[in-house]
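Lettering follows sequence order; numbering is per chain, from 1. Remember, predicted model here, so these are calculated numbers, not experimental data.
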Amino acid sequence: MELKMFIIVLGLLVGSLMLLGGAASSPDMGTGISQNNHDHKDVGHNNTHSKKKSFPVLSFDYDTVRLPFEISLWVLLASLMKLGFHLIPRVSSIVPESCLLIVVGLLVGGLMKLVGESPPALESKIFFLYLLPPIILDAGYFLPIRPFTENLGTILMFAVVGTLWNAFFVGGLLYGVCQLEGLQHLHVDLLSCLLFGSIISAVDPVAVLAVFEEIHINELLHILVFGESLLNDAVTVVLYHLFEEYSSVGTITVTDVFLGIVCFLVVSLGGIVVGAIYGILAAFTSRFTSHTRVIEPLFVFLYSYMAYLSAEVFHLSGIMALIACGAVTRPYVEANISHKSHTTIKYFLKMWSSVSDTLIFIFLGVSTVAGPHRWNWTFVIMTVILSLVARVLGVVGLTFIINKFRIVKLTTKDQFIIAYGGLRGAIAFSLVYLLNPNHFPMRNMFLTAIITVIFFTVFVQGMTIRPLVDLLAVKKKQETKRSINEEIHTQFLDHLLTGIEDICGHYGHHHWKDKLNRFNKKYVKKCLIAGERSREPQLIAFYHKMEMKQAIELVESGGGSKLPSAMPSTVSMQNIHPKKTPHERALPQLSKAREEEIRKILRTNLQKTRQRLRSYNRHTLVVDPYEDGWNDILIKRKKMIELEKKISQMNNYLTVPAPPPDSPTIARARLSSDPQAWGIKATTDSIPTIKVDLASPQSPESVNMVDEFGKKGSQPKEGTEEGGLVMKAPPAAKQRKDKTADEDDDREPQQRLMRCLSDPGPAADEEDEDEPFLP
Amino acid sequence: MGSTNSTLLKIPNVEELMQETGFSSVHIIRLYDRFKALDKEGRGHLCPHDFGAIKELAMNPIGDRIIGAFFSPGQETVDFNTFVKILAHFRPVDKDRPRDPNSPEPINSRSNKLKFAFQLYDQDKDGKISRDELLKVLRDMLGMQVTEEQLESIADRTIQEADLDRDDAISFEEFRKVSAKILHLKKAPVVMSAEYDC
């Protein structure tokens, strides 16, 4: 049913797209001036002659909104496509999304051609300036720094040496092939071939991301292929410009080669430096945004985009600038910005990169139909074969050398995946598109060949990589979240290995890492992170993040048992920060308030767990039992009960008397209707605690329960019938340390709690992007 | 550096040492030079304060523990053989060693590496990392920047996560399970491949 509706909507959309495309004329859309347009102009013209026309009730004035309208329509089409694929379950598990999108693009392009309109091709400017940056920024911001730096040598080898090898191998052999009889009419000279080789040899980050994301291979392989695709941009840029410059001249001297090498260093290091500078600026700016939380994400996006553009001005590697900016910005910005801004950044980046990615693939399909082609069997087939062969040889050869220096060697399986995962994509296409047809008469042939290679890699390799991964039993990504244990042990081992290195007198990997960490801690963090968080050790930051995630998880899954360790930590957090006035507490000292929130969430849930369960089952969006993580949550809860019993022995942790409890449902309801949600309300006592879900048979009781608790009469309710939820309310008679302090900021955090809850929820995302910088 | 043969001859039982630890002669010589450099008074053995003279080690939060690991309980000195044997733990794992059930496990096997790390946590050598020991480690690593309650809650959380048999301490097996993932990713120091500062 859903699917049918969806297809109808889609059909209408595509139809309207074509109609509008036909109804207008623009440089993008080709040169069809259709009848509609002409008539429209005539009518307008005539109107000026009549004396007084009656007020037009309904007029059609498409030209003023044409451009934004079309752009929006395309983006909408792309997004609907994405939606559609996930509605068709069978297909999406076999065919990677990128393939489907290209097919859609082909269809749309074909339809457009049928209608008589020439379909738009993927303009290189649009691609490089608007479509590519979000994807790269998303990748750079969430780059897992630790595996990246640990494998940096390998990645660089693949990126630089591998790409060079590919370029020369393919270019040279193609030239050789073209010298054969029968193909000499193509007039392809050596430099053009080398240029072509360099364009086609670069592994494309967009395609790699699109395919690898779905197959979930282990972290090492993922970072190797992905890192390579990012870093080879510098090589591609240099080679491209070098060959393009000199192909008109026809020769290259040794000085040119030497200059090329220098250029490479300048391009890559320059790009990184530019990115790092902007990154530091962004981090520094975020230090002062405590009063204007709403625009925090904007700074991150703007600075990064500026980094990209600035690098492009000087023909430096924009991709590397963007990666450097994202990677440098993240640890500091995350320490400074609010939780919501963090979520915003994350989701905006994901959204933009997703849209970009979809659009790119669709346009690839459309451009295939549109672009001027010149098919030449030999050339194209040879290109495909040579690029494959070059990739395999390159990977095998390089791995042989690299394994001499690696501790964790790359196995044959790994090599196969790395070679097989070398997908080409839209960057190569756009680079060819940028070529001037006057200088390169063979541009169309190149275009055809490139598109064939791209199609081959994306379709054939993209589709078969998943079954191959399963067949070869390649290690998959471990879904387990990083635990505090691992964090502690990793740090411990770091210290241990650094110590051993010092004893041996060896200045190795760990030594320099340790030095960098110390420098970071001593100077950089102080500058770039606001307030007290600059002194917060990494372990603590990690611990907070984890607790927060867990608390949110528990709340969203419908009530929770006591998180034993959350309780003490909140108090301890309070002990660190000096007492502040209520006004100042509105400042986001989130480390303290966060813990306060967690505690309150948990306590309020404790009291009404029994009711909560049933009421949630009726109205609220219960976690889908089939959703991932639900089982984990249940298991966790069971564990929690048992541990909770033990923890109850511990009596040196305190509780704060609960404020009048406010279920998240109420809070959400109230918030959505309250435009002034950001203000600090007076008290929560006066707000009637009416449960939203009145259909629940329990509701009258639940109101009573709420009131009962409101009177601070603690009634510990032991009960484990409800599938293992503990409902033990902390007796108010326990010791309280900073009672006065707590009562004051009871209300403040309550508001922040509501703000926190109205957030659509990062939920239990598994991504490892939340890893701290250099853990 | 002098001719390798002459240096090798100065070291007692060098053949046996190489066999046991798996270091090559080049490595042994480098370690010997380092040993001599640390042993400023030329006594032929090291004492704790020789280690303490390494300034980077002094800054290391667990520096004392590492130094302590070199000295067996009750001993005040470390001779060259022991020095090398302990450092042998950090050699990269030999993937292709023949699995001879009769010979003892090599020093740098994964299991022995883990045991070494475990012993650094477990100072009283009772085979478990108790909550107090964990607290001490956290205190060392986190220093003065956090309060007791925070440390305690982290320690509780850690034990909670790792402790499977509910004895409120982390045994070696539990430790092994947790660390398996990390150690796989960790690079042991490539101890011998570069020049170093004497």
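Looking at B:Phe83, the atoms closer than 4.5 Å to chain A (heavy atoms on both sides) all sit in the side chain, from C-beta outward. There is no contact between B:Leu134 and chain A, counting heavy-atom distances below 4.5 Å.
Partners of A:Phe400 under the ring pair (Phe, Tyr, Trp, His ring centres under 6.0 Å) rule, at least two apart in sequence or in another chain, do not exist in this structure. For A:Phe492, the ring pair (Phe, Tyr, Trp, His ring centres under 6.0 Å) partners two or more places apart in sequence, or in a different chain, are B:Tyr121.
Across every non-hydrogen atom of B:Ala117 and A:Leu493, the tightest pair is CB-CD2, 4.3 Å.
Atoms CD1 and CG, on B:Ile62 and A:Leu496 in that order, are 5.0 Å from each other to the nearest 0.5 Å.
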